[in-house]
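Accompanying notes for the structure given below.
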Amino acid sequence: MTSLPLVVITGASSGIGAATARAFSAAGHPLLLIARRLAPMQALGLPDAELAEADVTDTAAVAAAIARAEERFGPVDLLVNNAGLMALSTVAEQDPALVQEQFDVNCVALVKNSQLVLPGMQDRRHGTIVNIGSIAGKQLYENHVVYNGTKYAVHAMTEGLRRENAAHGVRVLLVAPGMVDTALLSNTGEGDVLDGYREYKQSIGGGLVPDDIARAILAAYQLPQHVSFREIVVAPTSQDA
């Protein structure tokens with residue numbers, strides 16, 4: 001059994017989640033990877049990894065997976081709330097189901113899954129929660145109203161959680177990526193909105209790659225427990241918006 005503590009990553013089947021899994025595995029950590037798709041997590045081929053095929057909004061399934069992983073590897077020392085959903089549209093044209101789902105995945109699940117690990121971290125006076133926000137949680141973008149709302153909420157809740165847990169010695173920090181080349185656009189239908197996003201992305205060189213964000217998360221976590229970055233905004237140098 002590895003001597004390094006357990007790291008839990010949601011949305012671990014692709015993009016930033018998969019890159020973060022690779023980075024922490026390379027650093028020697030055991031992992032609990034959670035995502036709706038099992039096959040891509042298996043394809044990562046990482047050692048000392050518990051895999052959970054679960055929707056991040058299914059709190060009972062996430063709790064069961066954490067219990068299995070903790071029995072195998074010991075208590076969770078890092079939770080990366082990475083699972084996210086982005087569906088771009090004007091509000092008038094937005095599918096109401098996607099409005100609800102974006103808040104459920106990006107906000108509600110983040111809080112409920114944090115509740116699963118916070119009591120143990122507080123008791124041990126050690127642990128870190130990293131919430132993946134977005135530059136869209138700092139400024140408004142066209143066709144992003146609902147997504148903007150979820151990420152502004154993530155930023156506010158992260159700061160609130162940080163303040164609540166400071167006296168317990170538990171770190172809660174925000175990583176807010178700018179433009180990153182991931183599959184996040186898969187819930188935005190073809191049309192002018194998607195075309196405009198792609199054109200801007202192309203104009204700045206395609207954005208960052210998920211490994212760029214994973215390195216930032218790992219660097220923040222590897223600081224001594226008494227040191228916290230609190231907030232990291234990671235964006236392409238060429239991104240002006």
Side-chain angles (χ1 to χ4, degrees), residues 5-59 61-63 65-66 68-69 73 76-87 101-102 104-114 116-117 128-137 147 150-151 154 158 172-187 207-222 232 234-235:
L6 174 61
V7 172
V8 178
I9 303 167
T10 67
S13 60
S14 65
I16 292 170
T20 303
R22 290 192 297 267
F24 276 89
S25 180
H29 286 271
L31 304 171
L32 167 59
L33 306 182
I34 302 171
R36 290 179 296 181
R37 297 178 298 146
L38 182 61
M41 293 190 291
Q42 292 173 326
L44 292 171
L46 301 177
D48 295 322
E50 185 80 23
L51 308 181
E53 184 179 13
D55 193 303
V56 74
T57 62
D58 186 346
T59 311
V62 174
I66 289 174
R68 289 195 306 272
F73 298 120
V76 176
D77 194 59
L78 170 64
L79 168 63
V80 181
N81 281 311
N82 165 71
L85 175 65
M86 179 174 75
E101 191 175 3
Q102 285 180 88
D104 287 344
V105 172
N106 298 354
C107 301
V108 178
L110 178 147
V111 174
K112 289 185 174 182
N113 293 332
S114 296
L116 297 174
V117 301
T128 303
I129 294 177
V130 174
N131 292 333
I132 304 301
S134 172
I135 202 166
Y147 184 70
T150 68
K151 291 303 183 178
V154 168
T158 302
V172 183
L173 61 105
L174 176 78
V175 174
M179 186 77 74
V180 182
D181 188 15
T182 71
L184 199 58
L185 280 172
S186 60
N187 291 286
L208 300 179
V209 296
D211 285 341
D212 295 325
I213 311 304
R215 282 195 292 269
I217 296 169
L218 182 62
Y221 176 73
Q222 288 181 331
I232 306 171
V234 189

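Thr57 is not listed as a side-chain neighbour of Val108, based on a closest heavy-atom distance of 4.5 Å or more. No side-chain heavy atom of Asp48 sits less than 4.5 Å from a side-chain heavy atom of Leu46. Here the side chains of Leu85 and Asn106 are in contact, with some heavy-atom distance below 4.5 Å. Annotation: side chain of Leu110 is in contact with side chain of Asn131 (closest heavy-atom distance under 4.5 Å). The closest side-chain heavy-atom distance from Leu32 to Phe73 is not below 4.5 Å. With a 4.5 Å cut-off on side-chain heavy atoms, Arg37 and Ser14 count as touching. Val175 places none of its side-chain heavy atoms less than 4.5 Å from the side chain of Val80.
Of all the heavy atoms in Gly178 and Ile135, the pair that sits closest is CA-CG2, 3.8 Å. Heavy-atom minimum distance, Thr59 versus Lys112: OG1-CD, 3.4 Å. Shortest non-hydrogen contact noted between Glu101 and Arg36 is OE2-NH1, 4.1 Å. The shortest heavy-atom contact between Val62 and Ile34 is CG1-CD1, 3.9 Å.
Atom CG of Leu78 sits about 7.0 Å away from atom CD1 of Ile9, to the nearest 0.5 Å. Here the CG-CG distance, from Leu33 to Asn82, works out to 11.0 Å after rounding to the nearest 0.5 Å. Atom-to-atom distance recorded for Ser114:OG and Leu79:CG is 5.5 Å, nearest 0.5 angstrom. Separating the CZ atom in Arg215 from the OG1 atom in Thr20 is a distance of 11.0 Å, to the nearest 0.5 Å.
For the residue pair Asp77 and Tyr221, a side-chain donor N or O sits within less than 3.5 Å of a side-chain acceptor on the partner.
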